[in-house]
J.: 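Input: one structure, supplied below.
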Amino acid sequence: MAQPSQDPLKPIVALAKRRGFIYPGSEIYGGFANTYSFGPYGVELKKNIKDLWWKTFVHQRRDMVGLDGPILLHPKVWLASGHLDNFSDAMIDCKACKARFRCDHLIEESLNRSADGLTLQQMTETILEHKVKCPKCGAQDFTEARYFNLMFTTHMSKTGQEGDAAYLRPETAQAIFIDFKNIIDTMRVKIPFGVAQIGKAFRNEITPGNFIFRVIEFEQMEIEYFIHESTWEKTFEDWLNTMHSWCKLIGLSENHVHEKEHPKELLSHYSKRTVDLVYDFPFGTSELYGLAYRTNFDLSRHAEFSGHSLEYTDPETREKFVPHVIEPTFGVERTILALLCEAYDEEQLENGEMRTVLHFEPRIAPVKAAVFPLMKKEILANKARTVFDDLQRIWNCEYDESGAIGKRYRRHDELGTPFCITIDFDTLENDTVTLRDRDSMKQERVPIQKLIEILSTKLS
Ligand code: GAP
């Protein structure tokens with residue numbers, strides 16, 4: 001974990017930019033708040049996480065199928081789902097500098113107390129009574145608190161009429177609910193079963209978000225798991241355990257992941273029980289993933305608003321019912337942030353030098369192995385290139401011949417590359433290479449012939 005400093009994320013943000021993981025969005029135009037680009041290594045890391053998630057939750061289970069629904073859904077979907085009426089945050093504006101803040105964040109950060117359960121009026125009064133200052137300009141002159149919907153609105157140009165509003169989806173889940181009938185009609189699925197989807201979601205988040213923790217465009221990996229109501233408690237517990245196993249699989253320490261039960265009065269409009277998996281980020285313990293019991297709220301509402309029955313008939317008992325849903329949801333950006341925080345380390349070496357290293361779990365590391373000729377000599381380079389070509393066919397690897405060998409090791413430590421392979425003059429004599437382990441920094445001599453077998457074991 002990063003050492004505490006004034007901005008505990010600073011070293012991680014710096015490394016993410018320096019090493020091509022994450023760049024600020026629209027940087028050459030002065031930036032665009034709460035947006036980021038994933039650079040060449042960031043995109044590899046992201047892809048590895050999403051591929052592993054899909055393999056774990058779709059390919060390796062018999063009770064799951066996948067879906068890739070559209071970002072733009074019929075506007076009535078958001079009326080039925082309750083997002084048009086309920087998906088909003090209480091905001092307040094500073095009259096002096098026009099900055100806008102989430103009321104709960106302003107109260108929590110300025111008064112060090114929770115704003116949970118406060119009405120709009122109570123939030124306005126609390127901010128007024130305690131003479132809360134604008135964190136931007138210091139004025140004590142706020143508007144009344146108001147609700148702002150978090151959905152991004154766009155317009156369809158089909159009819160050219162004003163008011164043809166469409167919404168960028170704020171969660172991927174709804175695409176699954178509205179295709180429920182298609183899935184039971186076309187696939188041989190039997191309850192209990194789940195539908196998994198990975199895709200973009202958009203939220204007009206006002207408050208700055210601790211790097212990629214809170215962004216306006218992000219990816220969700222979501223599962224809607226359809227069940228009979230009578231089994232919800234057991235299914236909920238099973239998924240909670242499964243979510244913990246996922247955290248372990250990607251390399252998050254069990255000590256840094258905790259459960260946080262949502263109090264009844266703060267549950268989302270669709271949920272009867274929600275437990276967050278929270279992670280000890282350097283800026284505080286905050287939501288990583290969520291698990292919700294959405295009852296049959298969504299399917300019932302879509303049946304009501306669309307006029308199509310979304311009932312399921314049990315093939316054995318012939319019982320007809322609207323299935324209930326357990327929803328495990330995983331944010332991709334928060335996964336990446338947690339992994340960077342977990343993996344980041346600054347270590348003092350025996351010679352007194354410092355090294356920065358990302359101890360990524362090999363499964364998710366963007367580059368699995370780097371191949372170096374000891375020095376820039378044609379005879380070594382030729383051999384190194386053949387080793388690299390063989391490995392690159394199987395894993396994402398890198399070939400690097402420039403600079404001192406120590407510097408090349410440091411660069412790959414910062415990228416989290418688990419293994420470095422060096423081709424030296426002994427290689428030309430006996431066809432062996434040195435294999436250096438990122439974490440222990442130990443080197444062993446291994447035959448080229450056995451390299452793929454050894455790496456396969458170490459990387460799996
Ligand atoms: N379908 C349920 C749902 O959307 P949520 O708790 O609002 O629930 C699910 O979001 C997950 O999406 C969160 O646990 C988090 O990982 C991620 N997430 C939510 N808002 C985010 C944001 N503004 N930036 C990055 N990730 C976000």
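Read the numbers this way: they start at 1 and go in the same order the structure lists the ligands and their atoms.
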J.: I need the single residue from R102, R146, K98, K136 that forms a salt bridge (charged side-chain N to carboxylate O under 4.0 Å, His left out) with D93. Which is it?
T.: R146

J.: Who's the nearest protein heavy-atom neighbour of atom 12 (O) of ligand 1, and how far?
T.: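 Of the protein heavy atoms, Q220 NE2, 3.4 Å lies nearest.
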
J.: Which ligand 1 atoms does G331 reach within 4.0 Å, using its non-hydrogen atoms?
T.: 16 (O), 17 (C)

J.: Between Y293 and F236, does the ring centre distance come in under 6.0 Å?
T.: no

J.: Suppose I only count heavy atoms of E171 and a 4.0 Å limit; which atoms of ligand 1 are within that range?
T.: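 Selected atoms, number and element: 1 (N), 2 (C), 3 (C), 4 (O).
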
J.: Taking 4.0 Å as the limit for heavy-atom contacts, which would you say applies to H262 with ligand 1: side chain only, backbone only, both, or neither?
T.: neither

J.: Looking only at protein heavy atoms, which one is nearest to atom 13 (C) of ligand 1, and how far off is it?
T.: E287 OE2, 3.2 Å

J.: Is R410 salt-bridged to D413, cutoff N-O under 4.0 Å?
T.: yes

J.: What are the atoms of ligand 1, with element, lying closer than 4.0 Å to any heavy atom of E327?
T.: 1 (N), 2 (C)

J.: Go through ligand 1 atom by atom and flag the ones less than 4.0 Å from a non-hydrogen atom of F213.
T.: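 Close to F213: 24 (N), 25 (C), 26 (N).
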
J.: Using non-hydrogen atoms of the residue, decide whether E217 is closer than 4.0 angstrom to ligand 1.
T.: no

J.: Cut-off 3.5 Å, side chains only: do Q121 and T124 have a donor facing an acceptor?
T.: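 Absent: no donor and acceptor within the cut-off.
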
J.: Between G69 and A175, what is the shortest heavy-atom contact and its length?
T.: CA-CB, 4.0 Å

J.: Could you check whether N86 and Y270, counting side-chain N and O atoms only, form a donor-acceptor pair closer than 3.5 Å?
T.: no

J.: Based purely on interatomic distance, does R214 place a nitrogen or oxygen under 3.5 Å from a nitrogen or oxygen of ligand 1?
T.: no

J.: Record the part of F218 in heavy-atom contact with ligand 1 below 4.0 Å; permitted values are side chain, backbone, both and neither.
T.: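 Side chain only.
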
J.: Can you name the atoms of ligand 1, numbered from 1 with element, that are less than 4.0 Å from a heavy atom of G290?
T.: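 Once the distances to G290 are compared, the set is 14 (O).
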
J.: Taking atom 24 (N) of ligand 1 as the point of reference, which of T274, I212, V215, I216 owns the nearest heavy atom?
T.: V215

J.: Check contact between L288 and ligand 1, using heavy atoms of the residue and a distance below 4.0 angstrom.
T.: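 So L288 counts as touching ligand 1.
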
J.: What I want to find out is whether E219 reaches K46 closely enough, with some N-O distance under 4.0 Å, to be called a salt bridge.
T.: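 Salt bridge: yes.
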
J.: Walk me through it: do E237 and R273 pass the test salt bridge (Lys or Arg N to Asp or Glu O under 4.0 Å)?
T.: CA-CA 11 Å; E237 289 310 318; R273 185 181 176 201; 3.2 Å; yes

J.: Verify the neighbour count for atom CZ of F32: are there more than 12 heavy atoms of other residues, nucleotides or ligands below 6.0 Å?
T.: no

J.: Of the listed options (R334, Q174, R203, E205), which comes nearest to atom 7 (O) of ligand 1 when hydrogens are ignored and any heavy atom counts?
T.: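 The residue whose heavy atom sits nearest atom 7 (O) of ligand 1 is R203.
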
J.: Just to be sure I read this right, does ligand 1 sit under 4.0 Å from the backbone of Y270, its side chain, both, or neither, counting only heavy atoms?
T.: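 The answer is the side chain of Y270.
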
J.: Indicate whether any N or O donor in one side chain lies under 3.5 Å from an N or O acceptor in the other, for D164 and H155.
T.: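 No.
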
J.: Considering only non-hydrogen protein atoms, determine which one is nearest to atom 11 (C) of ligand 1 and report residue, atom name and distance to 0.1 Å.
T.: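 Going by distance alone, atom 11 (C) of ligand 1 is nearest to T329 OG1, 3.7 Å.
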
J.: Just which atoms of ligand 1 are under 4.0 Å from any heavy atom in E222?
T.: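 By the 4.0 Å cutoff, the relevant atoms are 1 (N), 2 (C), 3 (C), 4 (O).
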
J.: Distance only, no hydrogens: is a donor on one side chain within 3.5 Å (strictly under) of an acceptor on the other, for H130 and E125?
T.: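 There is no such pair (donor and acceptor under 3.5 Å, judged by atom type) between the side chains of H130 and E125.
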
J.: Just which atoms of ligand 1 are under 4.0 Å from any heavy atom in R294?
T.: 1 (N), 2 (C)

